[in-house]
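Here the structure is a predicted model, which is why all the values come from computation and not from measurement. In each ligand, atom 1 is the first atom listed, and ligand 1 is the first ligand listed. The basis for the numbers below is simple: all heavy atoms, side chains too, and nothing from hydrogens, waters or symmetry mates.
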Amino acid sequence: MEKKIIAVVGATGAQGGGLVRAILKDPQGGFGVRAITRDVNSDKAKALAALGAEVVAGDVDDISSLKRAFKGAYGVYCVTFYWAHFSPEKEIAEATAMAHAAKEAGVKHAIWSTFEDTRKWIPLSDNRMPTLMGKYKVAHFDAKSEADHVFTDLGVPTTFLLTSFYWENFIYFGAGPKKGPDGKLALTMPMDDKKLPSISSEDIGKCAYGIFKNGSEYIGKTVGIAGEHLTGFQMASALTKALGQEVKYNNVSPEVYRSFGFPGAEDMGNMFQFKRDFQQVYCGARSVEFSRKLNPALQTFEAWLKTNASRIPLE
Ligand SMILES: NC(=O)c1ccc[n+]([C@@H]2O[C@H](COP(=O)([O-])OP(=O)(O)OC[C@H]3O[C@@H](n4cnc5c(N)ncnc54)[C@H](OP(=O)(O)O)[C@@H]3O)[C@@H](O)[C@H]2O)c1
C-alpha cells in the first residue's frame, strides 16, 4: 500500500524533528515523511536523510517553496519560529503562507502548532501585565492564535495543537538552573505555587503522529498536550535528585522576570504570568491523560531527566 506522506515544517528542529523520528520509527504505520529544511545540505538535514526521510527544501517565508514542498502530501505539520525574528506580524504571515500552501496542495490533514489568544482572558485594557508592541499581551501566543482562522477560512482540514513548555529549554534556551550569589543552583520562574504544563519536545512530535494516525478524529478540533503539570518546587526537587546537587526554586514576580533584559524577556514574563493567573484554563486545555492516549510512550519529567540531566549546562 502506498504510504501517506506527512510533510513536516521545522523538521531539523524540536517539534518537527520529533514528528519525523516518530514516523520513521514506525515503518509499518502506513506513513512516510518529507522533512522540510532551508538547507538540505546541513548536518541535521543529512542526519534525517540517513534515517530514511525524504528531505526537501522549503522556507516559511517563501510560499512557492512551501507549495512545492507540500505537493502530493497527505498531511502537513505547520510550525512557525517566533524566536528567530521576534515579529508577531511575520509569524502570522508565515502561518498564512503555510495555510495557503496546504490548501493548494489539497492536503487531507494539517496540524497547526498554535497557542491561545491570551487577550481573551487578559484584554489589552487590563493593566495586570504590560501591552507589548501596541497590541499583544503574550505576542508569541496571540500571533499564532490570530492565524488560526486562516486555516479554517480556507477550509483546510486542520487540528489546532496547543503545545507546552519544553523541558529542552533547560538545555538550549538558557532556562535551566543557574548559580545564585550564594553559589547554589536555582530555577527561576515567576509561577508562584502554580502548575506549569511542560513536556519533552520529542513527545510533541509523537503526539502529533498520534493525531495523524487517528485519521479525521481531531480535524476541526483544538487539542492540548503536556507530559506533566508541575510546580516550580516539584521541578526543582526533580532537578535536585537528577543532578545530585540542590536546586532551589527561585519564585520571582513577573515584573522582575520581565526586567531581566534578555531578548523576549517581557514576552516570557507575560507568558508565565498568564499561565500562573489562568492556571485552570491553561492546564485544563492540556490533559496529560489525553496526551498519553495519543502517545503511550509519553515521558514524565523524572524519566526525561534520567536521559537528559547530564546535558543541562550548569555554569
Ligand atoms: N521553547 C518552548 O518551550 C516552546 C514550547 C511550545 C511552543 N514553542 C514554539 O515553537 C516554535 C518553534 O518550534 P521549534 O522549537 O520546533 O523550532 P526550533 O527547534 O527552534 O527550530 C526548528 C527548525 O526550524 C527551521 N526554520 C527556522 N526558520 C525557518 C524558516 N524561515 N523556514 C523554514 N524552516 C525554518 C530550522 O531548520 P533549517 O535551518 O533546517 O531550515 C530549525 O532547525 C516557536 O514559534 C515557539 O513559540 C516553543
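- Contacts classified as salt bridge (charged side-chain N to carboxylate O under 4.0 Å, His left out) and involving residues 284-293 (residues at least two apart or in different chains) are given here: Glu116-Arg286.
- Within 4.0 Å of ligand 1, counting heavy atoms only, the contacting residues are Gly10, Thr12, Gly13, Ala14, Gln15, Thr37, Arg38, Gly58, Asp59, Val60, Asp61, Val79, Thr80, Phe81, Tyr82, Trp83, Glu91, Phe115, His140, Lys144, Thr163, Ser164, Phe165, Tyr166, Asn169.
- Residue pairs that meet the ring-ring contact (aromatic ring centres under 6.0 Å, His included) test with at least one member in residues 233-253, sequence neighbours left out, are Phe233-Tyr249.
- No side-chain donor from either of Asp59 and Ser65 sits under 3.5 Å from a side-chain acceptor of the other.
- For residues 208-220, every residue pair satisfying the side chain to side chain donor-acceptor pair (under 3.5 Å) rule, not counting sequence neighbours, is listed here: Asp26-Tyr209.
- No hydrogens or angles considered: a donor-acceptor pair under 3.5 Å links the side chains of Thr118 and Asp142.
- No side-chain donor-acceptor contact under 3.5 Å links Ser201 and Asp203.
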